[in-house]
Amino acid sequence: MSFNVSADAYLRFMGRYSEPLAAQFADLAGVRSGQRVLDVGCGPGALTAELVNRAGAGAVSAVEPSAPFAAAARERLPGVDITQSAAHPGQVSELGRERLPFPDASFDATLAQLVVHFMADPVTSLREMGRVTRPGGVVAACVWDHAGGRGPLSAFWPAVRELDPGADDESGLAGVREGHLAELFAQAGLDAIRVTTLTVRVRQRGFEAWWETFTLGVGPAGAYLTSLPAARRDELRERCRRRLPAGPFDVSATAWAATATPG
(Lines give C-alpha, C1' and ligand atoms only; values in the text may rest on other atoms or scores of the structure.)
Protein backbone atom coordinates (compact mmCIF):
# COMPACT_ATOMS: atom_id res chain seq x y z
CA MET A 1 0.00 0.00 0.00
CA SER A 2 1.44 3.35 -1.05
CA PHE A 3 0.79 6.35 1.17
CA ASN A 4 1.01 8.86 -1.65
CA VAL A 5 -0.60 11.62 0.40
CA SER A 6 0.60 14.66 2.30
CA ALA A 7 1.90 14.37 5.82
CA ASP A 8 -0.92 16.66 6.96
CA ALA A 9 -3.55 14.33 5.48
CA TYR A 10 -2.00 11.34 7.23
CA LEU A 11 -1.85 13.14 10.57
CA ARG A 12 -5.49 14.20 10.29
CA PHE A 13 -6.54 10.65 9.46
CA MET A 14 -4.31 8.52 11.71
CA GLY A 15 -2.20 10.88 13.80
CA ARG A 16 -4.99 11.40 16.34
CA TYR A 17 -4.66 7.67 17.15
CA SER A 18 -0.95 7.09 16.56
CA GLU A 19 0.23 9.89 18.85
CA PRO A 20 -1.44 8.61 22.05
CA LEU A 21 -0.52 5.07 21.02
CA ALA A 22 3.16 6.09 20.79
CA ALA A 23 3.43 6.81 24.52
CA GLN A 24 2.06 3.37 25.45
CA PHE A 25 4.23 1.66 22.85
CA ALA A 26 7.42 3.39 24.05
CA ASP A 27 6.53 2.37 27.62
CA LEU A 28 6.15 -1.23 26.47
CA ALA A 29 9.59 -1.17 24.83
CA GLY A 30 11.14 0.43 27.91
CA VAL A 31 12.60 3.36 26.00
CA ARG A 32 14.53 5.67 28.32
CA SER A 33 17.36 8.17 28.53
CA GLY A 34 20.77 6.77 27.72
CA GLN A 35 19.57 4.45 24.97
CA ARG A 36 20.08 4.61 21.21
CA VAL A 37 16.72 4.07 19.53
CA LEU A 38 15.51 3.47 15.95
CA ASP A 39 12.01 4.15 14.57
CA VAL A 40 11.35 2.01 11.47
CA GLY A 41 8.74 3.49 9.11
CA CYS A 42 8.42 6.68 11.12
CA GLY A 43 5.83 8.43 8.94
CA PRO A 44 5.48 12.12 9.89
CA GLY A 45 7.05 11.39 13.27
CA ALA A 46 4.40 10.50 15.88
CA LEU A 47 6.47 7.77 17.54
CA THR A 48 9.75 9.51 16.75
CA ALA A 49 8.67 12.55 18.77
CA GLU A 50 7.87 10.33 21.76
CA LEU A 51 11.27 8.66 21.49
CA VAL A 52 12.98 12.06 21.39
CA ASN A 53 11.13 13.11 24.54
CA ARG A 54 12.56 10.07 26.31
CA ALA A 55 16.04 9.58 24.85
CA GLY A 56 16.93 12.95 23.27
CA ALA A 57 17.19 13.96 19.61
CA GLY A 58 20.81 12.88 19.27
CA ALA A 59 20.01 9.35 20.42
CA VAL A 60 17.14 8.73 17.97
CA SER A 61 17.31 7.64 14.33
CA ALA A 62 14.43 6.94 11.95
CA VAL A 63 13.86 5.55 8.47
CA GLU A 64 10.86 6.28 6.25
CA PRO A 65 10.19 5.35 2.58
CA SER A 66 7.84 8.28 1.86
CA ALA A 67 9.76 11.44 0.93
CA PRO A 68 6.94 13.82 2.08
CA PHE A 69 6.63 11.99 5.39
CA ALA A 70 10.40 11.99 5.96
CA ALA A 71 10.55 15.72 5.17
CA ALA A 72 7.70 16.43 7.60
CA ALA A 73 9.42 14.43 10.33
CA ARG A 74 12.69 16.33 9.78
CA GLU A 75 10.88 19.66 10.02
CA ARG A 76 9.09 18.58 13.17
CA LEU A 77 12.17 17.07 14.82
CA PRO A 78 15.37 18.93 13.94
CA GLY A 79 18.46 17.15 15.17
CA VAL A 80 17.07 13.65 14.59
CA ASP A 81 18.80 11.43 12.01
CA ILE A 82 15.91 10.67 9.63
CA THR A 83 16.75 8.68 6.49
CA GLN A 84 14.42 8.56 3.50
CA SER A 85 15.03 5.00 2.38
CA ALA A 86 14.06 3.51 -0.97
CA ALA A 87 11.73 1.03 0.69
CA HIS A 88 10.83 -0.57 3.97
CA PRO A 89 13.43 -3.21 4.83
CA GLY A 90 12.42 -6.40 3.13
CA GLN A 91 10.58 -4.66 0.31
CA VAL A 92 12.08 -5.36 -3.11
CA SER A 93 13.04 -2.27 -5.10
CA GLU A 94 14.91 -1.75 -8.33
CA LEU A 95 18.10 -1.88 -6.26
CA GLY A 96 17.33 -5.32 -4.86
CA ARG A 97 16.35 -6.37 -1.34
CA GLU A 98 16.67 -3.41 1.00
CA ARG A 99 18.55 -3.46 4.29
CA LEU A 100 18.34 -1.00 7.12
CA PRO A 101 21.21 1.46 6.59
CA PHE A 102 22.92 0.76 9.93
CA PRO A 103 25.63 -1.63 11.18
CA ASP A 104 24.83 -4.66 13.29
CA ALA A 105 23.95 -4.02 16.95
CA SER A 106 23.63 -0.24 16.52
CA PHE A 107 20.60 0.32 18.78
CA ASP A 108 19.31 -0.57 22.21
CA ALA A 109 15.72 -0.57 20.96
CA THR A 110 14.23 -0.78 17.46
CA LEU A 111 10.53 -0.05 17.09
CA ALA A 112 7.96 -0.17 14.27
CA GLN A 113 4.58 1.41 15.02
CA LEU A 114 1.70 0.65 12.63
CA VAL A 115 4.13 -0.45 9.91
CA VAL A 116 4.49 -4.26 9.89
CA HIS A 117 1.12 -4.79 8.18
CA PHE A 118 2.28 -2.67 5.22
CA MET A 119 5.69 -4.32 4.78
CA ALA A 120 6.06 -6.40 1.63
CA ASP A 121 8.15 -8.95 3.54
CA PRO A 122 7.49 -8.61 7.28
CA VAL A 123 9.72 -11.50 8.33
CA THR A 124 12.77 -10.11 6.53
CA SER A 125 11.97 -6.67 7.89
CA LEU A 126 11.75 -7.91 11.46
CA ARG A 127 14.95 -9.88 10.99
CA GLU A 128 16.64 -6.66 9.88
CA MET A 129 15.29 -4.91 12.97
CA GLY A 130 16.87 -7.65 15.05
CA ARG A 131 20.17 -7.36 13.19
CA VAL A 132 20.60 -3.67 14.05
CA THR A 133 19.60 -4.18 17.70
CA ARG A 134 22.28 -5.08 20.25
CA PRO A 135 22.15 -8.44 22.06
CA GLY A 136 19.81 -8.06 25.01
CA GLY A 137 18.09 -5.08 23.38
CA VAL A 138 14.45 -4.76 22.39
CA VAL A 139 12.70 -5.22 19.06
CA ALA A 140 9.07 -4.04 19.21
CA ALA A 141 6.18 -3.70 16.78
CA CYS A 142 2.48 -2.94 16.99
CA VAL A 143 -0.40 -3.12 14.49
CA TRP A 144 -4.11 -2.40 14.77
CA ASP A 145 -6.40 -5.34 15.52
CA HIS A 146 -8.23 -5.06 12.20
CA ALA A 147 -9.09 -8.78 12.10
CA GLY A 148 -10.78 -8.57 15.50
CA GLY A 149 -12.71 -5.44 14.59
CA ARG A 150 -11.06 -3.39 17.33
CA GLY A 151 -8.99 -0.99 15.22
CA PRO A 152 -9.83 2.68 14.64
CA LEU A 153 -11.70 1.83 11.42
CA SER A 154 -14.18 -0.53 13.08
CA ALA A 155 -17.20 1.49 11.97
CA PHE A 156 -15.97 1.96 8.40
CA TRP A 157 -15.13 -1.52 7.13
CA PRO A 158 -18.34 -3.28 8.31
CA ALA A 159 -20.33 -0.63 6.43
CA VAL A 160 -18.16 -1.30 3.36
CA ARG A 161 -18.80 -5.04 3.59
CA GLU A 162 -22.56 -4.45 3.63
CA LEU A 163 -22.22 -2.86 0.20
CA ASP A 164 -19.26 -4.83 -1.11
CA PRO A 165 -18.75 -8.20 0.65
CA GLY A 166 -15.59 -8.86 -1.36
CA ALA A 167 -13.81 -5.65 -0.36
CA ASP A 168 -10.30 -5.95 1.09
CA ASP A 169 -10.97 -4.69 4.60
CA GLU A 170 -7.39 -4.92 5.99
CA SER A 171 -8.29 -7.98 8.09
CA GLY A 172 -5.89 -10.13 6.06
CA LEU A 173 -2.82 -7.93 6.51
CA ALA A 174 0.25 -9.15 8.37
CA GLY A 175 0.03 -9.10 12.15
CA VAL A 176 -3.55 -7.86 12.47
CA ARG A 177 -5.05 -11.10 13.78
CA GLU A 178 -4.48 -12.63 17.19
CA GLY A 179 -1.21 -14.54 17.41
CA HIS A 180 0.12 -13.57 13.98
CA LEU A 181 2.55 -10.88 15.15
CA ALA A 182 4.20 -13.43 17.46
CA GLU A 183 4.42 -15.88 14.55
CA LEU A 184 6.19 -13.30 12.42
CA PHE A 185 8.62 -12.49 15.24
CA ALA A 186 9.42 -16.20 15.66
CA GLN A 187 9.95 -16.68 11.91
CA ALA A 188 12.36 -13.74 12.02
CA GLY A 189 14.47 -15.56 14.61
CA LEU A 190 13.65 -13.26 17.52
CA ASP A 191 13.63 -14.60 21.09
CA ALA A 192 11.74 -14.00 24.35
CA ILE A 193 8.63 -12.90 22.46
CA ARG A 194 5.89 -11.25 24.50
CA VAL A 195 2.53 -10.13 23.11
CA THR A 196 -0.03 -7.76 24.60
CA THR A 197 -2.60 -5.19 23.48
CA LEU A 198 -2.53 -1.39 23.66
CA THR A 199 -5.76 0.63 23.57
CA VAL A 200 -6.38 4.33 23.01
CA ARG A 201 -9.61 6.32 23.11
CA VAL A 202 -9.97 9.33 20.83
CA ARG A 203 -12.76 11.91 21.04
CA GLN A 204 -14.49 12.79 17.78
CA ARG A 205 -16.36 16.08 17.41
CA GLY A 206 -19.12 14.39 15.45
CA PHE A 207 -19.85 12.30 12.38
CA GLU A 208 -18.91 14.91 9.77
CA ALA A 209 -15.48 15.48 11.30
CA TRP A 210 -14.93 11.71 11.51
CA TRP A 211 -16.04 11.10 7.91
CA GLU A 212 -14.06 13.98 6.39
CA THR A 213 -10.72 12.34 7.20
CA PHE A 214 -11.63 9.28 5.13
CA THR A 215 -12.06 11.51 2.07
CA LEU A 216 -8.36 12.45 2.21
CA GLY A 217 -7.40 9.19 0.51
CA VAL A 218 -5.07 7.88 3.21
CA GLY A 219 -4.24 4.17 3.40
CA PRO A 220 -6.46 1.30 2.20
CA ALA A 221 -9.65 2.84 3.64
CA GLY A 222 -9.09 6.20 1.97
CA ALA A 223 -8.05 4.58 -1.29
CA TYR A 224 -11.18 2.45 -1.30
CA LEU A 225 -13.47 5.40 -0.61
CA THR A 226 -11.96 7.67 -3.24
CA SER A 227 -12.22 4.88 -5.84
CA LEU A 228 -16.01 4.80 -5.54
CA PRO A 229 -18.39 6.71 -7.82
CA ALA A 230 -20.15 9.59 -6.07
CA ALA A 231 -23.47 7.82 -5.56
CA ARG A 232 -21.83 4.77 -4.04
CA ARG A 233 -19.71 6.99 -1.82
CA ASP A 234 -22.84 8.76 -0.55
CA GLU A 235 -24.48 5.43 0.19
CA LEU A 236 -21.45 4.29 2.19
CA ARG A 237 -21.45 7.56 4.08
CA GLU A 238 -25.03 7.08 5.20
CA ARG A 239 -24.38 3.50 6.27
CA CYS A 240 -21.46 4.72 8.40
CA ARG A 241 -23.63 7.49 9.82
CA ARG A 242 -26.19 4.96 11.04
CA ARG A 243 -23.44 3.13 12.94
CA LEU A 244 -22.28 6.17 14.91
CA PRO A 245 -23.82 8.61 17.41
CA ALA A 246 -25.15 11.93 16.16
CA GLY A 247 -23.10 14.08 18.52
CA PRO A 248 -19.53 13.85 19.84
CA PHE A 249 -18.36 10.29 20.46
CA ASP A 250 -15.26 8.31 21.40
CA VAL A 251 -13.48 5.82 19.16
CA SER A 252 -11.65 3.04 20.97
CA ALA A 253 -8.73 1.57 19.03
CA THR A 254 -6.74 -1.51 20.07
CA ALA A 255 -3.41 -2.65 18.66
CA TRP A 256 -1.58 -5.94 18.96
CA ALA A 257 1.94 -5.29 20.27
CA ALA A 258 4.95 -7.56 20.59
CA THR A 259 8.44 -7.25 22.02
CA ALA A 260 11.42 -9.57 21.64
CA THR A 261 15.20 -9.71 21.74
CA PRO A 262 17.56 -10.46 18.85
CA GLY A 263 18.13 -14.16 18.30
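- With respect to E235 and R242, no salt bridge is recorded, no charged nitrogen being found less than 4.0 Å from a carboxylate O.
- Side-chain contact between D250 and Q204: absent, with no pair of heavy atoms (C-beta onward) separated by less than 4.5 Å.
- Between W211 and F207, the ring-plane angle classifies as parallel under the 30° and 60° cut-offs.
- The two residues V116 and V143 have their closest heavy-atom pair at CB-CG1, 3.9 Å.
- In this structure the side chain of W210 never reaches within 4.5 angstrom of the side chain of V202, judged on heavy atoms.
- Side-chain contact of W157 with E170: a donor-acceptor pair under 3.5 Å is present, judged by distance alone.
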Go through the steps for R54 and D27 under the test salt bridge (charged side-chain N to carboxylate O under 4.0 Å, His left out), then give the verdict.
-> CA-CA 10 Å; R54 295 168 183 242; D27 281 343; 2.8 Å; yes
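- Using a 4.5 Å heavy-atom threshold, the side chains of P158 and R243 count as touching.
- T254 and T197 share no donor-acceptor pair across their side chains, judged by distance under 3.5 Å alone.
- A donor-acceptor pair under 3.5 Å is absent between the side-chain atoms of R239 and the main chain of A159, judged by distance alone.
- With hydrogens and angles left out, the side-chain atoms of D169 and Y224 include no donor and acceptor closer than 3.5 Å.
- For the residue pair D39 and T48, a side-chain donor N or O sits within less than 3.5 Å of a side-chain acceptor on the partner.
- Side-chain atoms of T83 and D81, non-hydrogen and from C-beta on, do get closer than 4.5 Å to each other.
- Between the side chain of S18 and the backbone N or O of M14 there is at least one donor-acceptor pair closer than 3.5 Å.
- Nearest heavy atoms, T213 versus F13: O-CD1, 3.5 Å.
- The side chain to side chain contact (heavy atoms under 4.5 Å, CB included) test with V31 singles out one residue from V60, L111, V138, and that residue is L111.
- The closest donor-acceptor contact from the side chain of R74 to the backbone of I82 lies under 3.5 Å.
- Remark: R241 engages E208 in a salt bridge, criterion side-chain N to carboxylate O under 4.0 Å.
- Inter-residue side-chain proximity for L190 and T261 is flagged as unmet; no heavy-atom pair is nearer than 4.5 Å.
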So R36 and D108, salt bridge (charged side-chain N to carboxylate O under 4.0 Å, His left out) or not? Walk me through it.
-> CA-CA 5 Å; R36 288 200 66 209; D108 298 292; over 6 Å; no
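- For A253 against Y17, the heavy-atom pair with the smallest separation is CB-CD2, 4.2 Å.
- Judged by distance alone, the side chain of E50 and the main-chain N or O of L47 form no donor-acceptor pair under 3.5 Å.
- Counting only heavy atoms from C-beta outward, the side chains of R131 and P262 never approach each other to under 4.5 Å.
- Of all the heavy atoms in P248 and R203, the pair that sits closest is CB-NH2, 3.6 Å.
- If you take CG on D145 and CZ on R150, they are separated by 4.5 Å, rounding to the nearest 0.5 Å.
- Between H146 and R177, the closest side-chain pair of non-hydrogen atoms is not below 4.5 Å.
- Closest heavy-atom contact between V63 and L38: N-CD1, 4.4 Å.
- Looking only at atom types and distance, the side chain of R127 has no donor-acceptor partner in the side chain of Q187 under 3.5 Å away.
- Cluster membership check: F25 does not share its hydrophobic cluster with L11, using side-chain heavy-atom separations under 4.5 Å among Ile, Leu, Val, Met, Phe, Trp and Tyr.
- Judged by distance alone, with hydrogens and angles left aside, the side-chain atoms of E19 form no donor-acceptor pair with the main-chain N or O of A46 at under 3.5 Å.
- Counting only distance, with no hydrogens or angles, the side chain of E128 and the backbone of R99 share no donor-acceptor pair below 3.5 Å.
- Of all heavy-atom pairs between Q113 and C142, the closest is CG-SG, 3.7 Å.
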